[in-house]
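Naming: A, B, ... by sequence-line order, numbering from 1 per chain. Below, all heavy atoms of this structure are taken into account, side chains as well, without hydrogens, waters or symmetry copies.
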Amino acid sequence: MYRHLERRLVEHLRGFLHRTYGLGIANIVVEQPPRIEFGEYALPIAFELARKLRKAPRKIAEEIVAGVAAIPGFEKLEVAGGGYINVRVSRAELAKAIATDQSPAAEVPPGKVLVEHSSINPNKAAHIGHLRNAILGDTFVRLLRFAGTEVDVQNYIDNTGVQVADVVVGFLRCVNYKRSFASAEKLPYIKSFIEQHIAQPRFDYYCWDLYARVSQWYEEDKANLQARAATLHSIEEGNNETAAIADLISVAVLNRHLETMDRLDIEYDFLPRESEILHLHFWDAAFSKLKEAGVLNYETEGKNKGCWVMRRAGTAKPLTTGDTEDTGSAEEGYDDPVSFSPERISEEDQKVIVRSNGTVGYVGKDIAYHMWKFGLLGRDFGYRKFYRYPNAHDCWISTTDGEKDHPHFGDVAEIYNVIDARQSEAQNTVIEALRGLGHGEAADRYTHFSYEMVALTPRCAAELGYNLSEEDKARSWIEVSGRKGFGVKADDLLDALITSARKEVDARHPELSEPERAGIATQIAIGALRYFMLKFTKPSVIAFDFKDALSFEGDTGPYAQYAVVRASNIFRKGGFDPDAFCRDAARQVSTEDFAKYLTGESGHDIWELWLAAAKTSYIVSQSIATTEPAYLAKHTFQLAQLFNTFYHRYPILSEADEGRKKFLLATAAVVRRELIRVLAAMGISVPPVM
RNA sequence: GGGCCCGUAGCUCAAGCGGAUAGAGCAUCGGAUUUCUAAUCCGAGGGUUGCAGGUUCGACUCCUGCCGGGCCUACCA
C-alpha cells in the first residue's frame, strides 16, 4: 500500500513538472521525513530543480505545493525548511486500506526464476558458513514467492570433486581397520564398513573428522597426494568400486545435509550433480559451441601450452575506447563473438578451461551447467525422486536415465546463484562466457548473489580449542577451515540453540507438555538462527560468537516472535480470535474513528506503527531489487520494536472507551498480521506461547 | 603486481539514488504505578564516520591519493 501511494505521488508530480516547467524528470527521489509529524513522504526535488530553473529551492517548492492538484489518498503537501516538500497521506483512508489488507497486485515479471543455493560439498557435515548461504538463499526464494514469482530451488552437488575424493582416500588409507586384507576383499569390506557407519546417526560428523585426518596425512608426506589423484581419476571415470564408494559417501552425506536444512525449513526442488554433467557429456556440447564462438583460445606456447583458455573476467581491455556516450546498452559490444578474436591474452589474464591433458576444469563444467540453466545447451538431465519432505514435497536428483514423468527444470528466464564472494571471479567468467556465446540477454539475467563468509571471533576459536598465535588473537576474525576440522557444525549450533531455548521455556512454562515445550524451543532456536544470519548485510563478514548467536534479546528473532505472542495474548485474554478480528478490523472501526484516534500526540505514535505495518510489500520489493534480505530483518525488528512500545504505552483490554478499544485492537491485529508475514518470509514461525 | 570488498560509539552492526539533528543492539549505570507474562519498556553516558584533498546548495554515501585489514589472482574445486 505504501509503495502504491508512493508511485501515485510520483506520477502526479511528474505530470505537474512536465506541464508547468516542461521538464521530464526520470527519477524523482522520494524520502521519509525525519519525524512522523512532518508527514509520510519527503521530496527534495526543489533542490535539484533550483539550478535548472534558476530559482530559489524554497520558491520552487512553494510553486509545486500550490500547483499540484489534490491527489487521491493524500491530505496535503507542505513546504519545509529550505525547500523540502513534505507530503501527508490521509491517515484514516490508508489505515482503512491496511485493515482490509488491500494490496494492489504488483506486476510480476514473466518467466520462472532459478535460485541456486547451499551447494555444499557432500563430503562432511555442513557448518555455519553453509548456514549463511542456505538461509540467505532460502529467504530470497521466499521473498520471490511472496512477490508472486515462480521459483525453482536448486542445490548443486559436486559429488565427483576433490573433496569427496579426499574422504574416499580417508576410508582407504587413514582408517585403522585392525585387520589385514587380501587385495580382493579390501574394497568390499570398506564398503560394508561405510554402510554400517551410514546407518548410524550423523555420518557427516564421522566424515568431518576423517577429512581433517586425511588432510593431515597429505601434509605429512606430499607423496600421499598421489592417492588423491588416482582416486579422483577413478571417480570421474565411473563404473568402478572406488566410484561406487564415492557415490555411497556423497549420497549419504547429501542426505544428512538435506536433513540438517530441513530442520530449518529449507527445501530444494532439484539436485543437479556433477556426475551427470560429466556422464551426460554436457561439456562436450558446451565445448563445441564455445570453440565455434571463439570464446576459447588454444594456447600453443607459454605456461598454458596445450590448454584451452579464456580471458579471465575483469581483465578485459576497454574495448569501448572513446565510447563514453551511453547508448542504453553498454554490453552490446560483447555480444559480438568477434570481440573475442584470437588476439593473445597475456598469461596472467588466462583462465584455463581445458587442461593440456584434455580434462575440463570446474569453470568449464559450470559454463555448461549455466547454459543448461538458460536452456541454451540442447541437453537435459535424467531425473528421479530422491528425498521426500514431511510435507510430501519431492526433491528430485539428476541421473543418467531417469523417470519418464518429471517436472521441467532449467530453461528459466532468470537465475540467482547464492555463492560466497570468493567465487566472484569464477562467476563472472561464466557470465562472460555466456556473453561471448552471444547470449547477452542471459548474461544480464545472471545474478551472482554474493555474500561474505562466516568466520569465528578469536574468543570463539579459543573456546573451540584452537591454538591461537598472538597475531591471531589480534585479528577481528579467524576463518574456519574444513581441512583442519576447525569450525562450528550446523547441527551442533542448532542443538545448542534448542538447548538454550529449552531452558527458558521450561522455566517459563512448566505447565506445558514435553512435546509442546520441545516444539516451542525449536521454533525459537530457528528464529534466532535465521534472524542472526539475516541481520548482517551481505558484504559484512560475520565474526561468529556463541554469545551473540545464542542471544534471544534485543535485535534478534525471538524478540520479533515475542512481539507476536504478546499481540496474540491480548486477543486470547480478551476472548477474541485475532485472525477473525483482523479480517473484520475495517468494519470494527469506522473511518471517522480512525481519523479521530490517529490525530494528536498519541495518534502520531500509533500512526507510526500503522505506517510501518503498511510497508511490507515495499520492503519485500526493495530486498529483491537489491538482493539484500537484511532490509527485511531490519524492518521486522523495527516493527516489533514499535509494537512493544505501543504495547507498553497503551493498555488495551482495560481501555474504557469502547470505540478506542476497538481501534487499539485493530492496531494490534494488523501489526500481528504483518509481523507474521515478514517473519514467514524469513522462514521464521511463531510459537503459541513464549 | 592486478581485481573485488571492508574501515562508523567500548563491542557487533544500520544509515533507501547524495538530503533535515549519523541510528540500533550488546555492554555499563539509573529507573518502570504488583497491568494484555519483564525474552519487555523508559532514561543516561558514549562519534573529528581511518587520513588528506576534490566535486556541490548539501558527502558516512560520489571522485582522486594515501593508511590499515580481508578475499581472489593454481593445468584445485
S.K.: Classify A/Phe47 by what it touches in the nucleic acid, base, sugar-phosphate, or nothing, heavy-atom distance under 4.0 Å.
M.R.: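 Base, at least one base heavy atom under 4.0 Å.
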S.K.: Between A/Leu232 and A/Phe536, which residue's closest nucleotide on RNA chain B lies nearer the 5′ terminus?
M.R.: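 It is A/Phe536, whose closest nucleotide lies nearer the 5' terminus.
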S.K.: Would you indicate what A/Asn123 reaches in the nucleic acid, counting non-hydrogen atoms under 4.0 angstrom: base, sugar-phosphate, or nothing?
M.R.: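 It contacts nothing in the nucleic acid.
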S.K.: Scan A/Phe643 against the nucleic acid and name what it touches under 4.0 Å (heavy atoms): base, sugar-phosphate only, or nothing.
M.R.: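 It contacts nothing in the nucleic acid.
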S.K.: For B/U64 and B/C5, measure between their P atoms and round to the nearest Å.
M.R.: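 It comes out at 12 Å once rounded to the nearest Å.
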S.K.: Report yes or no: does A/Arg530 contribute a side-chain atom to a donor-acceptor pair with the main-chain N or O of A/Met682 at less than 3.5 Å?
M.R.: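 Yes; at least one donor-acceptor contact below 3.5 Å.
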S.K.: For A/Leu653 and A/Lys661, work out which heavy atoms get closest and say how close.
M.R.: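 Nearest heavy atoms, A/Leu653 then A/Lys661: O-NZ, 3.4 Å.
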S.K.: Measure the distance from CD on A/Glu471 to C1' on B/G69 and round it to the nearest whole Å.
M.R.: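 In whole Å, B/G69 C1' lies 12 Å from A/Glu471 CD.
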S.K.: To the nearest Å, give me how far apart NZ (A/Lys351) and P (B/U73) are.
M.R.: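 From A/Lys351 NZ to B/U73 P: 7 Å.
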S.K.: Between A/Ile25 and A/Leu49, is any pair of side-chain heavy atoms under 4.5 Å apart?
M.R.: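 Yes; the side chains approach each other to less than 4.5 Å.
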S.K.: Students often get this wrong, so: under 4.0 angstrom with heavy atoms, is A/Gly361 touching a base, only sugar-phosphate, or nothing?
M.R.: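 Sugar-phosphate: the residue A/Gly361, judged by heavy atoms under 4.0 Å, touches backbone atoms but no base.
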S.K.: All N/O contacts under 3.5 Å from nucleotides 1-3 of chain B to the protein, with atom names and distances to one decimal?
M.R.:
| from | atom 1 | to | atom 2 | distance (Å) |
| --- | --- | --- | --- | --- |
| B/G1 | N2 | A/Glu348 | OE2 | 3.4 |

S.K.: Between the side chains of A/Arg422 and A/Glu479, is the shortest nitrogen-to-carboxylate-oxygen separation below 4.0 Å, so that they form an ion pair?
M.R.: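 Result for this pair is yes, salt bridge flagged.
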S.K.: To the nearest Å, how far apart are A/Asp349 CG and B/C4 C1'?
M.R.: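 About 15 Å, once rounded to whole Å.
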S.K.: Hey, do the aromatic rings of A/Tyr562 and A/Phe643 have their centres closer than 6.0 Å?
M.R.: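 No; A/Phe643 has its ring centre 6.0 Å or more from that of A/Tyr562.
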S.K.: Out of B/A74, B/G70, B/C42, which has the shortest distance to the side chain of A/Arg312?
M.R.: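 Closest of the options to the side chain of A/Arg312: B/A74.
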S.K.: Quick one: label A/Gln163 by what it contacts on the DNA or RNA (base, sugar-phosphate, nothing), any heavy atom closer than 4.0 Å.
M.R.: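 The answer is nothing, as A/Gln163 stays clear of every strand by at least 4.0 Å.
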S.K.: Specify the separation, in whole Å, of atom NZ of A/Lys52 and atom C1' of B/U56.
M.R.: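 These atoms are roughly 15 Å apart.
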S.K.: Considering every strand and a 4.0 Å limit on heavy-atom distances, what is the contact class for A/Val164: base, sugar-phosphate, or nothing?
M.R.: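 Answer is nothing: A/Val164 stays at 4.0 Å or more from every strand.
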S.K.: Within this structure, what is the CD-to-C1' distance between A/Glu347 and B/A74, rounded to whole angstrom?
M.R.: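 Going from CD in A/Glu347 over to C1' in B/A74 covers 13 Å.
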S.K.: Output one line per pair: protein atom, nucleotide atom from nucleotides 22-29 of chain B, and distance, for all N/O pairs under 3.5 Å.
M.R.:
| from | atom 1 | to | atom 2 | distance (Å) |
| --- | --- | --- | --- | --- |
| B/A24 | O3' | A/Gln641 | NE2 | 3.4 |
| B/G25 | OP1 | A/Gln641 | NE2 | 3.2 |

S.K.: State whether the distance check finds a donor on one side and an acceptor on the other, under 3.5 Å, for side chain A/Asn27 versus base B/C17.
M.R.: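 Answer yes: a donor N or O sits under 3.5 Å from an acceptor.
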S.K.: Distance check needed: B/U35 C1' versus A/Glu655 CD, whole Å only.
M.R.: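 Distance, rounded to whole Å: 14 Å.
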S.K.: Mind checking if A/Ser654 touches a base, just sugar-phosphate, or nothing, with heavy atoms under 4.0 Å?
M.R.: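 Nothing, no nucleic acid heavy atom in range.
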